[in-house]
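One structure is given below, encoded as structure tokens.
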Amino acid sequence: MTNKEIAKIFEELAQLLEIKGENSFKVRAYLNASREINALPYSLESMVKDGKDLTKLPNIGEQIAKKIEEIVNSGKLEKLEKLKKEFPPVLLDLLSIEGLGAKHIKTLYENLHFSTVEELQELAKEHKIRTLKGFGPKLEDKIAKGLKLLKQEGIRFLYAQAEPYANELYKYLQIAPTIIRLEIAGSFRRKKETVGDLDIVASASEPQKVIEYFTKFPKVSQIISAGDTRSTIVLENSLQVDFRVVKDEHFGSALHYFTGSKAHVLEIRRMAQDLNLKINEYGLFSNDKNLASKDEADIYRAFGMEYIEPELRENRGELKSAKNKILPKLIELGDIKADMHIYSNFSYGENSIEEIANYAQEMGYKYIAITDHFGSIDTNKIEQYLKEIDKLNSTYKDFKIIKGVENDILEDGSLALNNNTLSKFDIVYGVINSNFKLPKNLQSARLIKAIQNPYLSLISHISNRVIQQDEGIELNYKEIFNALKANNKYLEINSQPNRLDINDILAKEAKKYGIKFLINSSAKSLEELHYIKYGVNQARRGWLEKGDVLNCLMEFKILPFISS
DNA sequence: GCCGTTTTCGGCCCGACTGTTTTCAGTCG
């Protein structure tokens with residue numbers, strides 16, 4: 001039972017209770033718990049089996065702790081099973097229809113007694129919905145359209161997929177009439193690995209004009225709403241964009257509010273309440289006096305805090321650290337001096353080692369590692385590869401190619417290449433390319449054995465996840481982190497936009513163990529060398545500083561794996 | 001249902017927009 005599965009159970013429980021009409025604060029409590037569980041670095045199942053006190057976790061009280069134990073021990077939650085018998089599963093699907101919430105669904109179900117999508121579609125066609133109290137032709141139409149789209153809901157965009165649209169919108173809006181300041185906010189600004197929609201905040205002297213201009217963006221496929229200060233559109237690629245325009249004196253508080261995360265903003269709001277203050281998108285108020293609203297930094301200053309970078313705003317301790325003025329100074333793209341995981345055309349890559357080296361120097365790198373994938377039968381190829389790197393290195397003065405290799409970790413934890421071959425490389429990456437479904441204890445033991453191999457330098461994309469497609473392998477991270485630390489081994493943050501592995505939450509956790517990182521592109525082409533910015537994003541979200549990342553070092557000679 | 005060095009009871013974010021109304025409930029972020 002994974003944390004995701006447990007979180008899903010509480011989410012469904014909350015949704016069904018909401019439809020049932022249960023106390024909304026209770027519903028919110030379940031949703032808070034669900035969100036908390038999703039963000040936990042460690043498996044709840046293990047915590048239950050180790051007899052840990054779950055009520056120590058925020059948003060988990062006695063009742064929910066008991067329910068978690070029930071889920072872990074029996075695989076299900078009786079309370080949810082009962083509710084599911086009371087309401088057909090289609091009701092949960094209806095919640096995903098834009099503009100349709102629990103109250104309407106309750107009314108629909110109580111009056112029309114449908115149990116499938118098809119039945120509800122039929123009722124819409126017969127215009128039975130518009131006659132209900134609180135419904136009308138427009139809502140009926142919305143439901144009919146929403147039912148058709150049900151199946152394709154729930155997809156978030158990879159950050160890198162949303163990025164070109166964000167850039168294009170930014171460029172377009174920059175020249176909107178009367179616009180003063182402009183910023184992409186939301187999860188995009190927080191550099192989250194996926195974004196559900198784009199949130200954009202602007203200030204202008206005449207907001208209505210900006211809104212009107214916004215809705216005329218050429219790639220709009222649907223205008224959901226367009227008021228005096230706010231508008232929502234959907235783009236051709238079905239990416240939703242929420243836009244908010246305020247007066248310039250409110251820009252800071254609006255930007256803060258719409259950057260989120262929700263958890264961060266709510267926590268600040270609670271802090272304001274404790275100080276008898278009120279915070280909203282227009283400012284921080286003491287009675288009617290606005291204490292801070294022009295710039296984001298003003299708001300944090302008003303609380304006596306350091307400025308908090310958007311990447312940290314997830315309510316994972318950043319507010320407390322800001323108060324104590326001990327926030328990390330986050331790593332920046334410019335701190336990266338080398339890319340240590342690149343494929344040439346000796347294996348998966350498109351380019352020759354020389355082409356890569358030339359391009360890397362143009363990017364300003366001081367050294368790189370070429371790390372092609374070799375198997376045990378590639379002996380001749382390996383000799384040729386090593387010779388090629390030596391030959392190129394003899395021509396450089398202020399640049400160095402480090403000899404790397406990517407190597408399979410076999411099921412028993414040994415490496416595919418023998419020690420004699422491995423000893424010819426400066427840096428050896430282990431990857432798991434088979435037996436993904438081993439049980440957690442065996443998978444962890446396999447990786448730990450590889451970590452103990454003196455020839456292995458680090459594990460590449462440790463969880464093997466593919467974002468939104470594959471959860472990856474199951475590991476006991478406490479054991480893994482201890483093994484990495486004990487054996488002086490490192491963690492990679494792989495920058496491929498659909499990997500970003502190890503992720504932010506685990507990176508933050510690993511840092512507590514004193515583990516160092518490498519941020520690598522694992523590029524297969526020259527273009528992909530620029531993916532490294534996504535890895536840096538993830539590192540920033542994981543609270544990493546320059547000093548935590550080995551390829552921020554100016555000199556390759558002081559890298560721990562360089563022997564000579 | 002969770003939370004709390006002012007609380008173990010009484011709070012729990014709040015403003016904009018839409019579509020239904022005839023002054024406001026529901027939904028969303």
Side-chain angles (χ1 to χ4, degrees), chain A residues 10 13-15 17-19 21-37 54-68 77 79 94-108 129-143 146 185-188 195-201 207-208 211 215 223-233 240-246 250 253-285 315:
Chain A
F10 284 111
L13 182 63
Q15 290 172 331
L17 286 174
E18 195 183 10
I19 291 169
E22 178 64 88
N23 175 310
S24 64
F25 297 111
K26 195 189 273 194
V27 169
R28 196 185 301 165
Y30 282 126
L31 285 176
N32 288 339
S34 174
R35 209 174 307 128
E36 192 64 43
I37 291 166
L54 301 179
T55 63
K56 294 240 168 68
L57 298 169
N59 295 315
I60 310 285
E62 209 177 312
Q63 298 300 314
I64 292 184
K66 239 190 254 169
K67 289 188 172 64
I68 293 172
L77 183 65
K79 191 178 166 81
L94 293 182
L95 275 173
S96 66
I97 294 176
E98 171 82 33
L100 194 65
K103 293 271 166 58
H104 280 140
I105 293 173
K106 184 171 196 265
T107 310
L108 275 177
I129 293 177
R130 63 177 65 183
T131 61
L132 298 176
K133 190 173 159 56
F135 290 76
K138 292 213 169 161
L139 200 48
E140 184 179 78
D141 196 41
K142 205 179 252 183
I143 292 168
S187 51
F188 186 83
V195 299
D197 58 22
L198 287 177
D199 293 285
I200 306 180
V201 180
Q208 315 90 299
I211 294 284
T215 59
I223 299 170
I224 290 182
S225 72
D228 292 339
T229 65
R230 121 184 256 177
S231 169
T232 297
I233 59 171
Q240 182 172 310
V241 187
D242 295 317
F243 187 44
R244 180 67 189 260
V245 190
V246 297
H250 298 143
S253 32
L255 179 60
H256 179 260
Y257 184 84
F258 288 102
T259 295
S261 67
K262 195 170 180 173
H264 176 91
V265 170
L266 288 183
E267 189 61 32
I268 279 220
R269 189 157 283 167
R270 274 190 282 271
M271 292 173 64
Q273 283 176 336
D274 289 345
L275 298 168
N276 218 2
L277 303 172
K278 194 181 88 168
I279 186 168
N280 57 30
E281 56 261 59
Y282 299 108
L284 175 67
F285 297 91
N315 196 23

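Excluded from the calculations below are hydrogen atoms, water molecules and symmetry mates; all remaining heavy atoms, backbone and side chain alike, are included. Only a predicted model underlies this, so the values are computations on that prediction, with no experimental measurement involved.
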Provide the distance between the two [atom1] atoms, one in [N] and one in [M], to the nearest whole Å.
| N | M | atom1 | result |
| --- | --- | --- | --- |
| B/dT20 | B/dT27 | P | 13 Å |
| B/dT23 | B/dC17 | C1' | 16 Å |
| B/dG10 | B/dG15 | C1' | 25 Å |
| B/dC14 | B/dC9 | P | 25 Å |
| B/dC2 | B/dT7 | C1' | 14 Å |
| B/dT5 | B/dG1 | P | 23 Å |

Output the single nucleotide from [options] whose closest atom is nearest the side chain of [X].
| X | options | result |
| --- | --- | --- |
| A/Arg230 | B/dC17, B/dC2, B/dG19 | B/dC17 |
| A/Asp242 | B/dG29, B/dG1, B/dA16 | B/dG29 |
| A/Glu281 | B/dG15, B/dG29, B/dG1 | B/dG15 |
| A/Ser225 | B/dC2, B/dC17, B/dG29 | B/dC17 |
| A/Asp199 | B/dC2, B/dT20, B/dG29 | B/dG29 |
| A/Gln273 | B/dC14, B/dG19, B/dC2 | B/dC14 |

Would you say B/dT21 has OP1 or OP2 under 4.0 Å from some side-chain N or O of A/Lys133?
no
Do any side-chain nitrogens or oxygens of A/Asn280 fall under 4.0 Å of OP1 or OP2 in B/dG15?
yes
Whole-Å distance between [N] [atom2] and [X] [atom1]?
| X | N | atom1 | atom2 | result |
| --- | --- | --- | --- | --- |
| A/Ile97 | B/dC28 | CD1 | C1' | 15 Å |
| A/Arg35 | B/dG29 | CZ | P | 13 Å |
| A/Arg28 | B/dG29 | CZ | P | 16 Å |
| A/Leu100 | B/dC28 | CG | P | 7 Å |
| A/Gln208 | B/dC17 | CD | P | 11 Å |
| A/Glu98 | B/dC17 | CD | C1' | 11 Å |
| A/Arg244 | B/dC17 | CZ | C1' | 10 Å |
| A/Phe135 | B/dT18 | CZ | C1' | 14 Å |

With a 3.5 Å limit on both atom pairs, tell me what B/dT8 is paired to, counting Watson-Crick and G-U wobble, or say none.
none
Base, sugar-phosphate, or nothing for [X], non-hydrogen atoms under 4.0 angstrom?
| X | answer |
| --- | --- |
| A/Ile268 | nothing |
| A/Ala33 | nothing |
| A/Lys26 | base |
| A/Gln240 | sugar-phosphate |
| A/Thr229 | sugar-phosphate |
| A/Lys142 | nothing |
| A/Ile279 | nothing |

Syn/anti state of B/dT7 by chi, 90° boundary around 0
syn
Closest approach of [X] and [Y], non-hydrogen atoms and distance?
| X | Y | answer |
| --- | --- | --- |
| A/Thr259 | A/Ala185 | OG1-CB, 3.6 Å |
| A/Asn59 | A/Ala33 | O-CB, 3.7 Å |
| A/Leu284 | A/Ala272 | CD1-CB, 4.2 Å |
| A/Thr107 | A/Leu132 | O-CD1, 4.4 Å |
| A/Arg244 | A/Glu281 | NH1-OE2, 3.3 Å |

Within a radius of less than 6.0 Å around CG of A/Asp274, do more than 12 heavy atoms belonging to other residues, nucleotides or ligands occur?
yes
A/Tyr257 (side chain) and B/dG29 (base): donor-acceptor pair under 3.5 Å
yes
Closest nucleotide of DNA chain B for A/Ala65 versus for A/Glu140: which of these residues is on the 5' side?
A/Ala65
Residue whose closest nucleotide on DNA chain B lies nearer the 5' end, A/Lys278 versus A/Pro137
A/Lys278
Under 30°, 30 to 60°, or over 60°: which ring-plane class applies to A/Phe10 and A/Tyr30, parallel, tilted or perpendicular?
parallel
